[in-house]
Amino acid sequence: MVDYDFKKIEEKWQEEWRKERLFEPEVDTAQKKIFISVPIPYPSGQLHLGHMYTWGRADVYARFMRMRGYNVLFPQAFHFTGGPIMGLRDLVKRGDQKTLDRLRAQGVSEEDIKKFGEDAKYICQYFSKKAMDDLTSAGMSIDWRRRFFTTQLNPYYSKFIEWQFRKLKDLGVVYKGTHPVVWCPNEKTPIGDHDRSEGEGESPVRYTIIKFTIGNVILPAATLRPETVYGATNLWINLKGEYLKLDVNGEEWIVVKSAKEKLESQLKNVKDLGYFDVSEILNKTVRNPVTNEEIPVFSADFVDMKMGTGVVMSVPMHAPFDLDALDRLVQENLSSIKPIRVVNVAGEDNLVEASIKKFGKTKEGLEKATRFVYKEELNKGVMAENCGDISGLRVAEGREKIEGVLKEINANDSIYEITGRVVCRCGYEGIVKVVENQWFLKYSDLSWKELGRKMIERMNIYPEELKTQFLAVIDWLDDKAATRNGGLGTPLPWDESQVVEPLSDSTIYMAYYTIAHLIENIPIKDINDQLFEHVFFGKETNDRKHEKIIKRMRNEFEYWYPLDMRITAKEHITNHLPFFIMNHAILFPESKWPRAIAVNGWLTINMEKLSKSKHAALTIEKHVREYGADRLRLVVGAGEKIDDANWSTDNINGLDQRIGFLMQTAEMLGTFGDEIKMIDEYLKSALNNIIQKTTENYESLNLRTGLFYALYESITSIKLYLDLGGRNKENVRWAIETVTKLIHPAFPYITEEIYSRLGHKGLIEKEDWPAVDKEAVSEAVESEIAILEKTTGDIRKIIAMLRKKGNKPKEIILTIADKNAFEVYNKIADIAAEIKDPNKIRERLGIKGALVESLTSKVNRLPNRTLYAEEEYRVFSESKEWLEKTFGCKVEIKKGGDDKATPGKPAIKII
RNA sequence: GCAGAGGUAGCGAAGCGGUCAAACGUGUAAGGCUAAGGACCUUAUGGCUCAGGCCUUCGAGGGUUCAAAUCCCUCCCUCUGCACCA
C-alpha cells in the first residue's frame, strides 16, 4: 500500500467541502440542475458494504455531474415505516441472544441496547444517525439539510402521505377489498417470509370449488383444474375421515373437518351442523352442475384429510391418482366406469397412463406424474369437443373461462391452501386467512398501466436491456394491498384502523426532498392538501400567513423536479420501482415524470453473497476506519449493470499503485523539458479517447468500464509515453491533471490532495470536467504506436529463438515498406471499406503481385485503415534509442528496399 | 409455471459479423531488483512450431456468409423475481 495518512486527508477535505457548502445546492434558474436519489434505507442496523455499492455509484455520478457544471441535488432520508424494527425491539426486550450478539458486534453499547428494548423510535434514531455519519465519512456528497423520516412520528411527512392517498382515492384507484395472506392463528398477524421458522417462499394458492349436489346438499369439490369438470366420472371422499355438515353462506356443505376453520378464516359465514357420516352418501350419485350428469361417490385413501374440502372430483383420464384409484375399483368389480377424455395433447395417446408407467405407482411416483401431466396439459393441451363453451380452447384459456361458466350457474366458490407447510416463529402452523378491510391500489387498471408504459418508454434506463423487463413487470402488475393493520407508519386518513404500508408510502417521496428543509417552518396545523396542491401543481392557495416560505417551496419543487436519476439495486425491479413509476405517472404531469433509472446488482464479498450474519463484520464504518474512504470507494468499480459485483481487498493494491504513480510522476515534472515528439501526439490522442470513453461510461453509470479507462488505460498510456522517451513537461502535467480529474468522482479525497500538491488553490470538484479535443485524436498516430509495439513483440520473439540457438543479436535492421506499397495498401483499405469479399476486392483493384496476394489472402487480415509511410518511419526512428536500450544492441531504421516489408509491418533483420 | 438475464481461457470479465488465439484484472511460472520477504519491473501462460508461422477453441448441435464468440434455428444448463414483505 502507498503510505499516506488517509485519515488526515479525509478530515482536511471534508472540512473544505463543508466550508464551501459544496453539497448544499440552492435554486439557481441560470444553472442546469440534476436531482439524484437512492432508496430510503430502513434503519434496523448499520449500513454495510452492500449499501456502499449503491450509494457509491450515486455519489460518483453526483460528483461527475457537478464537475460537468450541473447544480446537483443528492439528498437522503430514512424510512421508519414497517414492522421489523418493532420486531427488533421485542427481540431485545425478550433478551434474544442472537439479536443481542449481533448488536454488540456492531458496537452498540449496553445502555443503548437497553433503550432499544424500550422504544422502537430510539432504534430508528440511533441507526439513522449512524448511517448519516457513515455516509458522510465515506465521502457521500449528500445535502443533509433535507433529511427527514417517515411515519406519524414525523407529522409533516404524514400530512404528505395523507394528501397523496386522498388524491389517489379521488382518482378512483384506491378501493377496499379482501386479500389472502399466510396467517398466524396465534399471533393474529400475517407471517412474512422472515417471520417463518419453516416454509419460506410458500404462498396462498386458490383452489376452485365446484358444487356437486345431492338434493339440497352440496358436495364442494376443490380442484386446481376446474376445466376438467367435463371429464369428471365420480367424486372421491375418504371414509377414514371425519366429515361435517356445515351451513356455509346459507347452503348445506359436506366437508372434511379441517376445512371448517379454513372456510371461517376465508370470510365464509359458517355454522356447524354437526358430524356427517359420509357412508350415507357412498355409492349414491351426485349431479355434476356443468354437465347435469349423475355420477357416483366413491371412497379413496389418497384423499388428504388436511387438504381442501376432503371432496375431490375424479378425472381419471387426466389425473394419475384418480386413474390409479379407479383401476383398483374396477379390478374389484366395484365399478365399470371408463375415463373420459377432455384434453388433447398433440402426439400423446394417454398421458396419464404413460406418466404412471414412467414414475411408478408409489405416492411419490403419482405425485411426480401429476405434476408432469399438469404441466404438459397446461402448456400443450387443447380442450376437446365435448367441453361445451370451452371446447377448442387452450387449457389455460379454458381454465379461465370455466370460472365464468360455473359462476353463471352459481356452482363455484374457492378455498385457499398454502403451497407448503409454513410455521411461524412462535411455533404455530400458518393458515390462509382472507383479510378484510384491505385498501388496494388498482395497479391492474389498464389505462393506468398505459401511463406507466409510456413513462418507461420515455425514460433512460441503465442498463438499457432492462427496459423490456420493466415493461413486462408493468404487464404483470396486479392490485397492491397498500395498507396493513400494524407496525409503524401513517394511518390511512379515512380509515385509521389501517396504516399505509412501507412500499406504498415511499413511491413519490422524492418530491418531498424538494421542500423537506422548508416545510417545518410552517406550523403543522397549517399544513393541508391545498398547500401540497399549490407547491406541486401551482393551484391557488389562500394561505397568506406563510406566503414567503410557500413561495420558496414552490420554487424549489419547480426547479428540482422531476427526478433525473434514480439509482437502486435490482431487488426493486418488481416492487418499489414499478410503484414509483405508476404513482408518478398518475399523480404528476408528464413534465414531472422521472427521467432515468439506473439499476445495479448485488455486492458479493470474495464471490460470496452478503448474508445477514455477515453484515456486522462488513459495516461501512469499519472499512473506512481500516482502509480509508477512497480505497473503500473502489467498490463502485466492482461490478456493472445488474451482474453481481464482487468486492475483494486485492484490488486495493492496484489503486494504490496508480495513485502512487500519479504522485511520483508529479514530483518528477521538474526534470522534464519541452521537446515534442510523435509520442506526444500519441499521448494527447490516447488520453482524449480516454476522456471520451470515461465520460460516456460515467453518464450511463457503467462505472466499472468508466474507471477502467480513467484509472487503468490512462496510466498505461502515460507509462508507455514515458517508456518511449516522452519527456514533455506540459503534456505530462496535463496528463496527470486529466487523470486526476477523471478519477476524482470515485476517489474524491486523494484527488483533491494530488490536485493541491500540483499547486492548485481551488477544489478539483469545482474544476471543469476535461473536454474532449477531437483535433488531438489521431487514429493514424495510435495505429503507428500499435505497430511499434507489435513489431517490438515480434523482435523479441525472434531474439528469443536466436538465443535458444546460442546466437546473440548484434544489430537489428528495421525496414519500412516502400511508398508504393503504402499506396497499394491504402487502396485496398479504401475498397475494403465497402466490399468485404477478397475476390471482389482483387477484381476491383486491378493490380497484381505478391503484396496484393498476401494482403488479401486472409479474410480477417484485410487492411482496414489508412497508413502513412512517413509516419511509420518517424515513429520508429524517434524510438530508435528506446529500441536500442530495450534490446541492448544497435538498431538501424531504413526506408524502403526490402520486399518483405509491408505497410504496418516493417521487415526485421537481425544480424 | 410465468417473466427477465446469462453460459468466453485456472478464476473474474470485455468483445456482439472481418486489426480475435480473444482486451483488462487476478492467479500461476521464469527472470530482474532486493540481505531476504513484500512491493515493483520484464516475459510466458490452448496446442504444435521455433525468424515474426501453423492448427484447434468462445455451453451442444445444425444453418446463413467470402468471413461467426458475434446473425438465425433447435437443444442443454445457470442465475434473478413472482408481491402486501423491508
Side-chain angles (χ1 to χ4, degrees), chain A residues 1-2 39-42 44 79 81-85 179-181 190-195 201 203 371 374-375 378-379 396 435 438 440-441 443 463 465-466 468-473 475-484 487 501-504 506 570-576 578-579 601-602 607 637-644 646 648 650-651 653-654 656-657 660-661 704-705 708-709 712-713 716 719 783 786-787 790-791 793-802 804-805 832 835-841 858-865 886 900 904-910:
Chain A
M1 282 191 207
V2 168
I40 182 165
Y42 186 67
S44 59
H79 202 208
T81 311
I85 286 181
H179 188 70
V181 294
I191 326 174
D193 257 355
H194 34 264
D195 301 323
S203 58
R371 275 196 293 276
Y374 183 97
K375 194 174 129 185
L378 177 64
N379 290 334
V435 290
Q438 278 274 14
F440 287 84
L441 285 171
Y443 290 133
E465 306 89 270
L466 240 44
T468 44
Q469 188 172 356
F470 273 108
L471 291 170
V473 168
D475 278 341
W476 155 88
L477 217 54
D478 202 352
D479 294 351
K480 162 95 174 87
T483 61
R484 52 180 295 163
E501 66 77 47
L503 283 166
S504 302
S506 55
K570 66 182 174 187
E571 67 264 30
H572 292 133
I573 292 173
T574 49
N575 44 61
H576 166 255
F579 306 147
W602 293 314
M607 305 310 287
E640 199 160 273
K641 304 197 170 176
I642 57 165
D643 297 335
D644 289 346
N646 185 49
S648 140
D650 295 348
N651 302 320
N653 190 30
D656 280 355
Q657 271 176 43
F661 174 81
R704 187 178 58 198
T705 308
F708 165 70
Y709 285 109
Y712 293 89
E713 283 285 284
T716 305
K719 277 187 176 169
S783 350
I787 288 166
K790 171 87 170 85
T791 307
D794 288 344
I795 296 170
R796 218 186 307 273
K797 224 170 164 180
I798 297 166
I799 289 179
M801 292 172 195
L802 291 177
K804 264 190 184 170
K805 290 182 183 166
I835 302 172
K836 303 295 183 186
D837 188 335
N839 294 319
K840 286 183 187 150
I841 292 172
K858 266 211 127 173
V859 93
N860 58 352
R861 284 189 198 159
L862 286 171
N864 58 357
R865 62 190 161 194
T886 306
K900 274 191 180 162
K905 204 169 179 192
I908 303 167
K909 196 167 182 195
I910 298 175

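Because the structure is predicted, anything quoted here is derived from the model rather than measured. No hydrogens, no waters, no symmetry mates; every other heavy atom, side chains included, goes into these values.
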* Asked: Is rC54(B) paired to anything, Watson-Crick or G-U wobble with both distances less than 3.5 Å, and if yes, which nucleotide?
  -> rG47(B)
* If the P atom of rC77(B) is compared with that of rG63(B), how far apart are they to the nearest Å? -> 24 Å
* Asked: Is there a Watson-Crick or G-U wobble partner for rU74(B) with both distances under 3.5 Å, and which nucleotide is it?
  -> rA60(B)
* To do: State which of rU80(B), rC85(B), rC82(B) makes the closest approach to the side chain of Trp476(A).
  => rC82(B)
* Asked: Contact class for Ala907(A) vs. all strands (heavy atom < 4.0 Å): base, sugar-phosphate, or nothing?
  -> base
* Reckon Pro578(A) touches a base, only the sugar-phosphate, or nothing at all at heavy-atom distances under 4.0 Å? -> nothing
* Closest to the Asn653(A) side chain: rC85(B), rA39(B), rA51(B)? -> rA39(B)
* Mate of rA69(B) where both pairing distances stay under 3.5 Å, Watson-Crick or G-U -> none
* Asked: Base, sugar-phosphate alone, or nothing: which one does Ile910(A) contact when heavy atoms must sit under 4.0 Å apart?
  -> base
* Asked: With a 4.0 Å cut-off on heavy atoms, is Ile908(A) in touch with a base, just the backbone sugar-phosphate, or nothing at all?
  -> base
* Asked: Asp478(A) near the nucleic acid: base, sugar-phosphate alone, or nothing, with a heavy-atom cut-off under 4.0 Å?
  -> base
* Asked: Does Thr81(A) reach the side chain of Ser506(A), with side-chain heavy atoms less than 4.5 Å apart?
  -> no
Interface polar pairs with nucleotides 42-49 of chain B, N/O, under 3.5 angstrom:
unit_1, atom_1, unit_2, atom_2, d
rU43(B), OP1, Arg796(A), NH2, 3.4

* **Nearest-nucleotide pick for Phe579(A), side chain only, options being rC84(B), rA83(B), rG52(B)** => rA83(B)
* To do: Please measure how far the C1' atom in rG17(B) lies from the corresponding atom in rC11(B), and state the result in whole Å.
  => 29 Å
* Name the residue closer to the 5' end of RNA chain B, choosing between Thr483(A) and Glu713(A) according to the nucleotide with the nearest heavy atom. => Glu713(A)
* Taking atom C1' in both rC71(B) and rC58(B), what distance in whole Å separates the two? -> 16 Å
* Asked: If only atom types and distance count, is the side chain of Tyr42(A) paired as donor or acceptor with the main-chain N or O of Ile85(A) below 3.5 Å?
  -> yes
* Asked: Is the shortest side-chain N/O distance from Lys570(A) to OP1 or OP2 of rC82(B) below 4.0 Å?
  -> no
* What is the base-pairing partner of rU42(B), counting Watson-Crick and G-U wobble geometry with both distances under 3.5 Å? -> rA30(B)
* **Touch class at under 4.0 angstrom, heavy-atom based, for His79(A) against every strand present** => nothing
* Among rA51(B), rA83(B), rG53(B), the nucleotide that comes nearest once only the side chain of Leu477(A) is considered -> rA83(B)
* Mind checking salt bridge (charged side-chain N to carboxylate O under 4.0 Å, His left out) for Lys480(A) and listing every partner two or more places apart, or none if nothing turns up? => Glu501(A)
* Pairing partner (Watson-Crick or G-U wobble, both distances under 3.5 angstrom) of rA9(B) -> none
* Asked: What interatomic distance, in whole Å, is found between C1' of rU45(B) and the corresponding atom of rU57(B)?
  -> 16 Å
* Pair assignment for rC20(B), Watson-Crick or G-U wobble, requiring both distances under 3.5 Å -> none
Give every pair of a protein N or O atom and an N or O atom of nucleotides 12-15 of chain B that lie under 3.5 Å apart, one pair per line with the distance.
unit_1, atom_1, unit_2, atom_2, d
rA13(B), O3', Arg704(A), NH2, 2.8
rA14(B), OP1, Arg704(A), NH2, 3.1

* Would you mind reporting whether Gln469(A) and Leu466(A) have side-chain heavy atoms less than 4.5 Å apart? => yes
* Using a heavy-atom cut-off of under 4.0 Å over every strand shown, decide if Lys719(A) touches base, sugar-phosphate, or nothing. => sugar-phosphate
* Asked: Under a 3.5 Å cut-off for both distances, is rU80(B) Watson-Crick or wobble paired, and to whom?
  -> rA3(B)
* **Spacing of the P atoms in rG62(B) and rA69(B) (rounded, Å)** => 15 Å
* So do Thr483(A) and Gln438(A) actually touch side chain to side chain, heavy atoms under 4.5 Å? -> yes
* To do: Look at all strands and tell whether Leu503(A) reaches a base, only sugar-phosphate, or nothing, counting heavy atoms closer than 4.0 Å.
  => base
